[in-house]
Amino acid sequence: MAALPILNFEEKISETVEQNQVVVVIGETGSGKSTQLSQILHRKGYSKSGIIGVTQPRRVAAVSVARRVAHELSVQLGDEVGYAIRFEDRTSNKTYIKYLTDGCLLREGLSDPELKQYSVIILDEAHERSLNTDILMGLMKRLMRLRPSMKILITSATLDGEKVSTFFSNCPVLQVPGKLYPVEILYSTERPKSYLQAALKVALDIHIKEPPGDVLIFMTGQDDIEKMVTKLEERVQSLEEGTCMDAIILPLHGSLPPELQVRVFSPPPPNCRRFIVATNIAETSLTVDGVVYVIDSGYVKQRQYNPSTGMYSLDVVQISRVQADQRAGRAGRTSHGKCYRLYPSMVYREELLEATVPEIQRSSLAGSVLYLKSLELPDINILKFDFLDPPSRESLEDALKQLYLIDAIDENGLITEVGRKMAELPLEPSLSRTLIEANVLGCLSEALTVSAMLSAETSLLPARSKGAERKRKHPASHLPNGSGLGDHIQLLQIFEEWHHENYDPQWCVHNDLQVRGMMFTKEVRKQLAQIMLKVAKGPVDLRANKKSRESKHDYRNLRKALCIGYANQLAERKIHHNGYRTLGYKSQLVQVHPSSVLETDEYGHLPNYVVYHELIATSRPFMRNVCAVELSWVSSILKKMEKLDVNKLSGSSYASESDGQERKEGTGMPINEAAAGNASEDHLNKIQAARERYLARKANK
DNA sequence: GAGCACTGC
């Protein structure tokens, strides 16, 4: 095995860590930082006073890196070296190096906010800026003061170490070279009218003119990928026999069943070039070996949240320079590579954002704010929490409003008893609230099922392909229809049927449900039930088989519990038609998503009130996953909405959270409000501008 | 009457 570059820096790293509490380590792909940093610190004796914890944004990474390190140290995985991911804790009291997902570390923080069992925390892949990593970075900054002996390392693959260093009081930044081969970057001379056509042309050019090596093409989504695969197949076949080598064309995206995804890991037959047409799943999550050529469309599909409307949208936006470089790097893993960017260098230099807008500025923050509130950090005010890139004030206020309407915080912004229980549940706050109410109303079992089903929902239905869709149109689905009351009820009924079939995998296959997704649901439900047993004070009724009782009552209790949980996701039907307007937000006109099983009454009317799981703007604003509720349940929520006072929720919480103690400027967190507002508004404007440019170009073609 | 990138507790 060739020596990893990072080992040449062992002395330097040890020394720097010795002398500093926080160190940023910049290491490109192949530097060995993920596997070696923990071992270096172990050799230096840091594992004597506690565990060396290394976080990863993804489960597979946590598991595979832990396995590798256990192997290198010749120990049994789970003994001295272990990992922890959801549903799987492979550590023991012997463990001194522990790899875990950042979500897992946050969970551990609930019972131990100072993370006392750790002597070292390494936040790996921090440049990906996942929501959880960002929260952890804020918490680490606070721990610096509380745990002076703890060592904190932040690792990043890109060169924006200065920003992180500034955040952590100008801590040192170490650079470790990677093992990537040089990649030649080739730009288009102008913007393509259709990047699909442009990608096709470049792909064929490579196939005809360039030496062997696989081609990785970055597209935005499943539709484009399927079109590209079809066209590329046609064109390759029409090439004259013997003019060039064979070709295999493989799609690669998240909704592809796992067995088709793994095809990219089997090497191609001899004298055959592979074309992998992928979403940004191939940017970080999956690494395809053998890629020499990358074709970069310059676009990505990104989900963003608008805190003033409570609506998500899924937009095609320009990638950032960091992303463009990451994509290019995929060509240099095995040898010299080439990256063809389907846009001019001017676009790269002047139009692309430096870095991707971090997730924390694109998501609803109700869950994260509840988490921070539940830690009850006496010195922290949520609106002034020190984030590397603060979310907008509007976004934080939206989170506070949501939490207030579902009783997780009181009118002064203080966490309630209910809120504390909610924070224990690994669910969105709306569903946590539903579970707690359901336990009161005697329908916890049903609510557990609904929550678990919604947690897995995207992976339940098999990948749609146009042909299969048409075939499936008529053979009537035998799945239950939610009794016309909506999608939550349908999800419940589906699971209950599966339960009656003794969780038979064949039943899933027969009903076009993904076995893996349903198994996941079952596991989530089990986990949620265990947590409810722990947090609920009164009796907990978990029997999964009381189907008849709730259904005889039209699932009234369950729907009532959902109504309490989704207090901030309520819509009222317009009088003359079946459109709805949302309540509680800047009122939006929305429609029930056509995939919904919600039914009209004998007059053709949909229910007057519904709650929705999610607002998503695609071709139009839609409510996805809706459930019929009743006016009498809604009225108390409406009253609460009227009473809502954001200033009290956010402003005065400061005084009460600090227990009346005087807080001097400079002893707590730096106050960063102005920056917060401007930074994210600026980001949003840029996203918007990029989107408009894209749409304009699309309209032109 | 529509269609969804990717993670994670």
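Here is the naming used below: chain letters follow the sequence lines, and residue numbers restart at 1 for every chain.
- For A:Thr55, the side chain to side chain contact (heavy atoms under 4.5 Å, CB included) partners at least two apart in sequence or on another chain are A:Leu100, A:Asp102, A:Leu105, A:Leu123, A:Leu136.
- Listed nucleotides B:dA5, B:dC9, B:dA2 differ in distance to A:Thr618; the shortest reach to its side chain belongs to B:dA2.
- Take the nearest nucleotide of DNA chain B for A:Pro426 and for A:Gly221: the residue whose nucleotide is more 5' is A:Gly221.
- At the heavy-atom level, A:Arg58 lies under 4.0 Å from the strands shown only through sugar-phosphate atoms.
- Counting to the nearest Å, the C1' atom of B:dC9 and the CG atom of A:Leu435 are 14 Å from each other.
- For A:Ile85, counting side-chain heavy atoms from C-beta on, the closest listed nucleotide (B:dA2, B:dC4, B:dC9) is B:dC9.
- The separation between A:Asp224 atom CG and B:dC4 atom P is 11 Å, rounded to whole Å.
- Partners of A:Phe275 by ring-ring contact (aromatic ring centres under 6.0 Å, His included), not counting sequence neighbours, listed by chain and number: A:His207.
- Spacing between atom CG of A:Asn578 and atom P of B:dG1 amounts to 11 Å, rounded to whole angstrom units.
- No contact: A:Asn132 has no heavy atom under 4.0 Å from any strand.
- If you take CD of A:Glu428 and C1' of B:dT7, they are 14 Å apart, rounded to a whole angstrom.
- Rounded to whole Å, the distance from CD1 on A:Ile225 to P on B:dG3 is 18 Å.
- OP1 or OP2 of B:dG3 has not a single side-chain nitrogen or oxygen of A:Ser595 nearer than 4.0 Å.
- Whole-Å rounding puts the A:Phe87 CZ to B:dG8 P distance at 12 Å.
- Between A:Arg303 and A:Glu359 there is no salt bridge, since no side-chain nitrogen of the basic residue lies less than 4.0 Å from a carboxylate oxygen of the acidic one.
- Residue A:Leu131 is out of contact with every strand shown, counting any heavy-atom pair closer than 4.0 Å.
- Each of B:dC9, B:dG3, B:dT7 was ranked by its minimum atom distance to the side chain of A:Ser285; first place goes to B:dT7.
- Of the listed nucleotides (B:dG1, B:dA5, B:dG8), B:dG1 has the atom at the smallest distance from the side chain of A:Arg620.
- Contact between A:Met311 and A:Pro621 at its shortest, heavy atoms only, is SD-CB, 3.6 Å.
- Distance from the side chain of A:Phe622 is smallest to B:dA2 among B:dA2, B:dA5, B:dT7.
- The distance from atom NE2 of A:His593 to atom C1' of B:dG1 is 9 Å, rounded to the nearest whole Å.
- Proximity note for A:Gln222 (side chain, C-beta onward) versus B:dG1, B:dG8, B:dA5: the nearest is B:dA5.
- By the 30° and 60° cut-offs, the orientation of the rings of A:Tyr566 relative to A:His613 is perpendicular.
- Counting only heavy atoms from C-beta on, A:Arg59 has its side chain closest to B:dG8 among B:dC4, B:dT7, B:dG8.
- Closest non-hydrogen pair, A:Phe520 versus A:Ala456, comes out as CD2-CB, 3.4 Å.
- To the nearest angstrom, C1' of B:dC4 lies 14 Å from CD of A:Gln304.
- Among the protein residues, A:Ser130 comes within range of no part of the nucleic acid, since none of its heavy atoms lies under 4.0 Å from any strand.
- Distances shown here put every side-chain N or O of A:Thr284 at or beyond 4.0 Å from the OP1 or OP2 atom of B:dT7.
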